[in-house]
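These numbers come from a predicted model, not from an experiment.
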Amino acid sequence: MNNRAEVREFLISRRALVNPEQVGLPAGTNRRVKGLRRNEVATLAGVSIEYYTRMERGAISGASPEVLDSIAKALRLDDAERAHLFDLAHAASPVARPPRRRNTKTWVAHPSLQWTLDAVTAGPAFVRNGRMDLLAANNLARAFYKDVYDMPGQSPNIARHTFLEERAHDFYPDWELFAEVNVAILRTEAARDPHNKELHDLIGELSTRSEEFRRRWGAHNVRHHGTGSKTFHHPVVGEVTLAYEGLEMAAEPGLTLTIYAAEPGSASEQALQLLASWAATEYGAPRSSIKAQESTDH
């Protein structure tokens with residue numbers, strides 16, 4: 001990833017989103033740029049126009065946390081955007097240490113993690129990385145994301161399924177929203193882990209094969225994806241609306257444990273129960289239960 005280009009395009013894109021009136025400046029009638037001017041951002045941040053111009057050209061290495069925070073406030077960045085700016089500055093540092101990386105092709109969930117996932121029986125539970133690979137799951141999650149797991153010749157990846165699989169448009173009734181979320185997660189991860197070849201190979205693949213992805217990637221939107229609700233149209237049980245919680249894994253930095261749950265007594269809960277029955281027929285007992293039974297037999 002070209003860090004200077006990423007910094008430049010991110011700052012320009014955020015500056016364009018702030019109207020002068022939002023920060024107490026007169027709009028005027030002779031504006032040639034959308035949003036704020038560079039000198040206005042510099043004034044709001046308390047830095048010189050020369051310094052901010054260098055930053056917006058990508059020279060962010062060495063910027064202090066105080067300056068970055070001032071720029072974030074001037075551009076009215078939300079928590080995810082502020083963290084993204086700090087990640088870009090960290091990546092530009094000549095002494096920055098890359099985050100620990102794991103090979104997704106050989107990574108295997110340790111037994112206690114799989115036991116934990118299998119212990120969640122009322123909803124899909126899975127572990128993903130910032131690249132949107134599904135690394136571990138309970139049977140209900142495998143059934144829920146059956147089309148993601150069914151993509152031939154590919155490891156299960158939510159982003160690839162979203163942009164390269166026609167079935168995704170049926171699975172996500174609000175496909176536009178899900179597409180935006182996927183791109184924002186990948187954009188966030190690309191700044192956090194700028195030297196991850198697997199991640200950039202995926203971004204290159206999606207950019208080449210999907211105009212929808214390419215257009216959204218250019219918007220430079222980022223987000224933290226921790227909690228909320230989503231509506232899906234599952235090929236086996238139909239429409240379900242589920243709450244979700246995403247938990248960062250302290251023992252596995254960079255991985256997220258996500259659990260979906262339906263409102264008690266709702267039609268979505270009944271649909272999940274039906275899907276659990278289907279999963280039991282399709283996949284059998286959870287692998288951890290089989291291993292535990294084998295240990296007992298011996």
Side-chain angles (χ1 to χ4, degrees), residues 80 120 122-190 199 202-203 205-247 255-263 266-276 278-279 282:
V120 180
F126 59 93
V127 173
R128 68 161 178 84
N129 56 17
R131 188 177 177 269
M132 305 296 283
D133 293 307
L134 292 174
L135 300 178
N138 64 2
N139 276 357
L140 193 46
R142 290 182 62 84
F144 187 76
Y145 281 116
K146 66 180 293 294
D147 288 348
V148 180
Y149 280 95
D150 284 346
M151 292 184 70
Q154 302 283 2
S155 58
N157 180 277
I158 294 173
R160 186 181 284 113
H161 169 258
T162 300
F163 287 98
L164 303 183
E165 176 61 60
E166 280 298 321
R167 291 176 293 180
H169 289 266
D170 294 326
F171 187 56
Y172 304 120
D174 190 351
W175 184 89
E176 295 283 341
L177 174 62
F178 279 85
E180 296 285 351
V181 168
N182 272 262
V183 174
I185 290 173
L186 292 178
R187 173 66 77 178
T188 302
E189 183 69 5
L199 172 62
L202 175 66
I203 292 168
E205 176 190 357
L206 296 178
S207 297
T208 300
R209 299 179 62 187
S210 171
E211 191 279 330
E212 292 280 6
F213 178 88
R214 193 163 55 248
R215 176 169 57 83
R216 288 173 173 80
W217 185 254
H220 287 265
N221 293 328
V222 295
R223 67 176 286 150
H224 291 157
H225 194 61
T227 186
S229 63
K230 301 176 181 179
T231 298
F232 306 86
H233 190 274
H234 194 273
V236 175
V237 298
E239 185 170 300
V240 290
T241 298
L242 304 175
Y244 66 89
E245 294 290 336
L247 311 172
L255 300 189
T256 301
L257 168 62
T258 300
I259 300 175
Y260 287 139
E263 181 181 355
S266 66
S268 293
E269 183 183 49
Q270 295 176 8
L272 278 188
Q273 292 169 353
L274 179 60
L275 185 61
W278 183 87
E282 189 76 8

Requested in this report: Kindly compute the distance separating CZ (F126) from OG1 (T256), expressed to the nearest 0.5 Å.
Outcome: 9.0 Å
Query raised in the report: Just how far is it from atom CD of Q154 to atom NE2 of H161, taken to the nearest 0.5 Å?
Result: 12.5 Å
Query raised in the report: Which pair of non-hydrogen atoms, one from H234 and one from A143, has the smallest distance, and what is that distance?
Result: NE2-O, 2.8 Å
Query - Main-chain N/O of T241 paired to S268 side chain as donor or acceptor, under 3.5 Å - result: yes
Report task. Tell me whether the guanidinium CZ or amine NZ of R209 lies under 6.0 angstrom from the six-membered ring centre of F163 and within 45° of its axis. Result -> no
Requested in this report: For residues L164 and E205, determine if any side-chain heavy atom of one lies less than 4.5 Å from a side-chain heavy atom of the other.
Outcome: yes
Query raised in the report: For P124, which of T258, L272, N139, L275 qualifies under side-chain contact (heavy atoms from CB on, under 4.5 Å)?
Result: L272
Report task. Just say parallel, tilted or perpendicular for the rings of Y145 and Y260, cut-offs at 30° and 60°. Result -> tilted
**Report entry** Neighbour count above 12 (heavy atom, 6.0 Å) for E211 CD
**Finding:** yes
Report summary line: Residues M132 and L186: closest non-hydrogen pair is CG-CD2, 4.0 Å
Query - Heavy-atom pair with the smallest gap, counting every atom of G130 and R128 - result: CA-NH1, 4.1 Å
Query raised in the report: Does some side-chain heavy atom of P235 sit less than 4.5 Å from a side-chain heavy atom of K146?
Result: yes
Query - Shortest non-hydrogen separation from N182 to A159 and the atoms involved - result: OD1-CA, 3.3 Å
Query - Ring centroid separation W278 to F144 under 6.0 Å - result: no
**Report entry** Side chain D170, main chain H233, donor-acceptor under 3.5 Å
**Finding:** no
Requested in this report: Taking the side chain as every heavy atom from C-beta outward, state whether D174 and T231 have any pair of such atoms under 4.5 Å apart.
Outcome: no
**Report entry** Contact check, side chains of L177 and Y172, non-hydrogen atoms, under 4.5 Å
**Finding:** no
Query raised in the report: Below 4.5 Å, heavy atoms only, C-beta onward: do L202 and D133 meet side chain to side chain?
Result: no
Report task. Answer yes or no: is there a donor N or O on one side and an acceptor on the other, between the side chain of R187 and the main chain of W217, under 3.5 Å? Result -> yes
Report task. Give a yes or no answer on whether the side chain of Y244 reaches the backbone of T227 with a donor-acceptor pair at less than 3.5 Å. Result -> yes
Query raised in the report: Do D147 and E165 touch side chain to side chain, with heavy atoms closer than 4.5 Å?
Result: no
Query raised in the report: Considering all heavy atoms of both residues, which atom of A125 and which atom of I259 are nearest to each other, and what is their separation?
Result: CB-CG1, 4.1 Å
Requested in this report: Return the minimal non-hydrogen interatomic distance between R214 and T208, and the atom names on each side.
Outcome: NH1-O, 3.9 Å
**Report entry** E180: partners by salt bridge (Lys or Arg N to Asp or Glu O under 4.0 Å), with sequence neighbours left out
**Finding:** R216
**Report entry** Side-chain heavy-atom pair I158, L134 within 4.5 angstrom cut-off
**Finding:** yes
Requested in this report: Name the orientation class of the two ring planes belonging to F232 and F171 (parallel below 30°, tilted from 30 to 60°, perpendicular beyond 60°).
Outcome: tilted
Query - Cationic tip of K230 above F178 ring, under 6.0 Å, 45° of axis - result: no
Query raised in the report: With distance as the sole test, does T188 use its side chain to make a donor-acceptor pair with the main-chain N or O of R223 at under 3.5 Å?
Result: yes
